[in-house]
Q: 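For reference, the structure I am asking about is given below.
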Amino acid sequence: MVQPKSQDREEFFKLYEISRVINSSLDLKTVLQFIMNITNDIFKAEAGSIMLINSEGKLIIEVAQGLSEEVIRNTEVVLGEGIAGWVAQKGEPLLLDGKVEDSRFTALVDRKDVIKSSLCVPLKTKEKIIGVLMLRNPTSSPKFTTDHLRFLSAIADQAAIAVENARLYRGEKERVEEMVRLNETLSYEKMKVEAILSSMADALVVTNLSGDILTTNPAAERIFGIDRSLLLGRSYQLLFSGIGLEDLWKKGLHGKTSFTEISLKKPKELFFRVIVSPMRNVDGAVQGVIFLLQDITELKRVTQMKSEIVSMVTHDLKTPLTSIQGFVEVILSRDLPPETLHNYLVIVNEETVRLVRLINNLLDLAKLEAGEFKLNQRPVDLIKIIRSIIPTLTLRSSNHEIVFVPPAFVPKVFADEDLIIQVLNNLLSNAIKYSPEGGKITINLRWSENLVEVDISDQGIGIPHEKLPRLFDRFYRVDSKASKGIAGTGLGLANVKYIVEAHGGHLRVRSGEGKGSTFTFSLPVAAG
Ligand code: ADP
């Protein structure tokens, strides 16, 4: 084994030490500062600097010693200019021993007259020159020698590797930080999208190009009654089977947006407006299909109700009005005998009463529909209010007998008195109205711990069994021989049902054609 000379050995150990120190950090600034300190310790130069080539291809001082702040800040050397520029361009070390008048000094040396010697070595990695390491001494110090240059070059080789490593590390670190930032932004955006999706009232189902469900929202889970986890990855046809949305889905694949209306029985019938549109990526290419389902059940109901009202108004309001108009015209244009005049006026009066009733029913309905009525609930004595309305009802008919034998005690109900009077009036007038032959009308009261039940039974025309399911629908009237000629609006029972249910009670009916009817409603018992 060849033994190095003692000076070489010393240099070898120093170099080893230098390499150890400068590689102990991956922070570029620290690495550069280490290199500067070490060269300073070894060469005891008056001034020194490490310059790196920036992205514009210029040399910038990264660390220095013995140079003014101003010089550090303002030095910017173009490759090929001055000592540093020359070394960075050629990639060769340079030793200057006092040639102060050399024009290459101008870029870096601010005190040309006192400069004695300078060392400038390139910082080279395998592929490229990344900067220069430069030292200089004033006239008073001994000149640098070629040995110095050789040793500084060896240090520079180590330094270049450390700098490159630190730079790579910095680049890597920045990339990781950028990825973390990107990830955070993505998570935030994802959170926002999820918040929007989950607070949406409309159901959303997104499929890929093969029709597999990619995502849904809670509204979709609610509407279809299927857990999201069971839907993801399954075909959209699982949700829309038998509804015929395949054509729309295919149109979506071809970039077209289409609309349709569907109904789902879940368990009661709900109506939806479905918008099927393509899902595109940033380049506009179709990536899947989006189904958006808007619940239009209420809208449909209101629209239907409006059209029913319009047809009812045109029919039911027009009939009495035409008749009133006709009779009034006759009364005005002819000289009628008093008896005929009286009969005509009776008809006009009846028609007017019918009109008023119709308008009142409509107003009640409008109020109930608009949710404008507020329950003014308090303990109400049902026996008392039933007793109070019986006399007026009896006045309206001579061939009906109203029978009311209440139990000795019935607890008070928690109810809105005016609305309950309205319920009783409706049911009792119907009982009278739909028993044209007269008969008994019986009011019964029953009570349990929580409820009081009221039966109103008549011996009238009754209701055919098959008509019962629709009896409480708005504007529904039984169309039968027996009910022919009995005036009404078909709104009374709908209102009764609405009011009773708003109290937390129930309305039901037992009836058969020609067998009379019993309407029963319940109300909650008042506490205490
Ligand atoms: P209206 O009496 O104004 O037509 P309702 O909503 O009060 O409207 O009643 C709806 C329908 O139910 C009536 O048209 C009638 O055919 C039937 N109905 C209601 N009450 C009775 C009853 N006590 N007996 C027989 N049919 C009834």
Side-chain angles (χ1 to χ4, degrees), residues 301 304-305 308-309 311-320 350-369 386 389-390 393-394 396-397 399-404 419-444 453-502 506-521:
R301 200 181 59 79
Q304 166 141 11
M305 205 181 77
E308 279 171 353
I309 289 177
S311 58
M312 195 217 62
V313 165
T314 44
H315 177 259
D316 283 19
L317 288 185
K318 224 177 134 201
T319 319
E350 275 171 5
E351 293 295 330
T352 316
V353 168
R354 215 175 116 198
L355 261 182
V356 170
R357 186 175 59 230
L358 196 64
I359 288 164
N360 281 340
N361 278 179
L362 271 177
L363 287 178
D364 285 346
L365 175 78
K367 263 192 244 159
L368 295 177
E369 284 297 329
I386 292 171
I389 60 173
I390 290 175
L393 287 162
T394 321
R396 282 178 43 191
S397 162
N399 61 347
H400 291 92
E401 183 193 349
I402 298 180
V403 183
F404 178 45
L419 291 176
I420 297 310
I421 291 176
Q422 198 179 321
V423 165
L424 287 164
N425 270 327
N426 259 303
L427 295 176
L428 288 165
S429 342
N430 277 353
I432 295 173
K433 212 162 63 166
Y434 296 103
S435 325
E437 307 292 318
K440 265 191 199 163
I441 292 166
T442 317
I443 307 170
N444 259 320
E453 285 196 318
V454 184
D455 292 331
I456 293 167
S457 311
D458 62 59
Q459 300 172 316
I461 60 171
I463 301 150
H465 197 257
E466 69 278 8
K467 312 276 184 189
L468 290 175
R470 291 203 53 203
L471 203 69
F472 302 150
D473 289 359
R474 278 176 209 91
F475 302 115
Y476 182 76
R477 305 202 67 220
V478 176
D479 185 14
S480 69
K481 241 195 197 155
S483 62
K484 226 183 162 87
I486 303 177
T489 62
L491 288 171
L493 287 180
N495 287 356
V496 166
K497 182 170 188 280
Y498 196 99
I499 295 169
V500 168
E501 288 181 355
H506 294 285
L507 172 69
R508 56 180 198 274
V509 58
R510 265 183 300 124
S511 185
E513 200 166 10
K515 293 181 185 153
S517 313
T518 299
F519 285 83
T520 304
F521 67 94

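We count residues from 1, following the sequence as given. What's counted below: heavy atoms across the whole structure, side chains too, no hydrogens, waters or symmetry copies. One-based numbering, in listed order, for ligands and for the atoms of each.
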Q: Can you tell me which portion of Lys433 lies within the under-4.0 Å heavy-atom range of ligand 1? Options are side chain, backbone, both, or neither.
A: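 Answer for Lys433: side chain.
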Q: Looking at ligand 1, does any of its N/O atoms fall within less than 3.5 Å of an N/O of Leu493?
A: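 Yes, at least one N or O pair falls under 3.5 Å.
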Q: Quick one: closest heavy-atom pair of Leu393 and Ser429, and the distance?
A: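 Looks like CD2-N, 4.4 Å.
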Q: Could you pull out the closest heavy-atom pair between Ile443 and Phe404, with the gap in Å?
A: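 That would be O-CD1, 3.4 Å.
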Q: Taking 4.0 angstrom as the limit and counting only heavy atoms of Gly492, give me the atoms of ligand 1 inside it, by number and element.
A: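 That gives atoms 5 (P), 6 (O), 7 (O), 8 (O) of ligand 1.
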Q: Given Leu471, Val496, Asp473, which one has a non-hydrogen atom that is nearest to atom 12 (O) of ligand 1?
A: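 Checking each option, the heavy atom nearest atom 12 (O) of ligand 1 is found in Leu471.
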Q: If you take all heavy atoms of His400 and Gly438, which pair is closest and at what distance?
A: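 That closest heavy-atom pairing would be NE2-CA, 3.3 Å.
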Q: Kindly identify the option in Phe472, Tyr476, Phe519, Tyr434 whose heavy atom sits closest to atom 10 (C) of ligand 1.
A: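 It is Tyr476 whose heavy atom sits nearest to atom 10 (C) of ligand 1.
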Q: Note the single closest protein heavy atom to atom 7 (O) of ligand 1, along with its residue, its atom name and the distance in Å.
A: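 I find the closest protein heavy atom is Asn430 ND2, 2.8 Å.
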Q: Quick check on contacts: which atoms of ligand 1 are under 4.0 angstrom from a heavy atom of Gly462?
A: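 Contacts of ligand 1 toward Gly462, numbered from 1: 25 (C).
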Q: So which heavy atom in the protein is nearest atom 3 (O) of ligand 1, and how far is it from that ligand atom?
A: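 Checked against all protein heavy atoms, atom 3 (O) of ligand 1 sits closest to Thr489 N, 2.6 Å.
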Q: Where is the tightest heavy-atom contact between Tyr476 and Leu471, given as atom of each residue plus distance?
A: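 That would be CD2-CA, 3.8 Å.
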Q: Pick from Asn399, Ile441, Thr394: which one makes a side-chain contact (heavy atoms from CB on, under 4.5 Å) with Ile432?
A: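 Between Ile432 and the candidates, side-chain contact (heavy atoms from CB on, under 4.5 Å) is satisfied uniquely by Ile441.
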Q: Without swapping roles, check the side chain of Thr518 against the backbone of Ile456 for a donor-acceptor pair under 3.5 Å.
A: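 Here the side-chain-to-backbone pair does not exist.
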Q: For Tyr434 and Arg477, work out which heavy atoms get closest and say how close.
A: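 Taking Tyr434 first and Arg477 second, the nearest heavy atoms are OH-NH2, 3.0 Å.
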Q: What do we get for Val478 next to ligand 1 when only non-hydrogen atoms under 4.0 Å count, side chain, backbone, both or neither?
A: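 Within the 4.0 Å criterion, Val478 contacts ligand 1 through backbone and side-chain atoms alike.
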Q: Would you mind checking which non-hydrogen protein atom is closest to atom 26 (N) of ligand 1, with the distance to 0.1 Å?
A: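 Looking at atom 26 (N) of ligand 1, the protein heavy atom closest to it is Ile463 CG1, 3.3 Å.
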Q: Can you tell me if Ser483 has a non-hydrogen atom under 4.0 Å from ligand 1?
A: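 No; Ser483 lies far enough from ligand 1 that no heavy-atom distance drops under 4.0 Å.
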Q: Regarding ligand 1, does Asp458 bring an N or O atom to under 3.5 Å of one of the ligand's N or O atoms?
A: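 Yes, since at least one N or O of Asp458 sits under 3.5 Å from an N or O of ligand 1.
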Q: Judged by atom type as modelled, is there a donor-acceptor pair below 3.5 Å linking the side chain of Asp458 to the main-chain atoms of Ser517?
A: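 Looks like yes, one N/O pair under 3.5 Å.
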Q: If you count the atoms of ligand 1 from 1 in the order shown, which ones are under 4.0 Å from a heavy atom of Arg477?
A: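 What qualifies from ligand 1 is 1 (P), 4 (O), 14 (O).
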Q: Can you find a non-hydrogen atom of Leu491 under 4.0 Å from ligand 1?
A: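 Within the 4.0 Å threshold, so yes.
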Q: With a 4.5 Å heavy-atom cut-off, do Asp455 and Thr442 have their side chains touching?
A: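 Answer no - side chains too far apart.
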Q: Taking N or O atoms only and a 3.5 Å limit, does Gly490 qualify as a polar contact for ligand 1?
A: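 So ligand 1 has an N or O lying under 3.5 Å from an N or O of Gly490.
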Q: In terms of side-chain geometry, is the basic nitrogen of Arg508 or Glu453 positioned less than 4.0 Å from the acidic oxygen of its partner?
A: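 Yes, charged N to carboxylate O under 4.0 Å.
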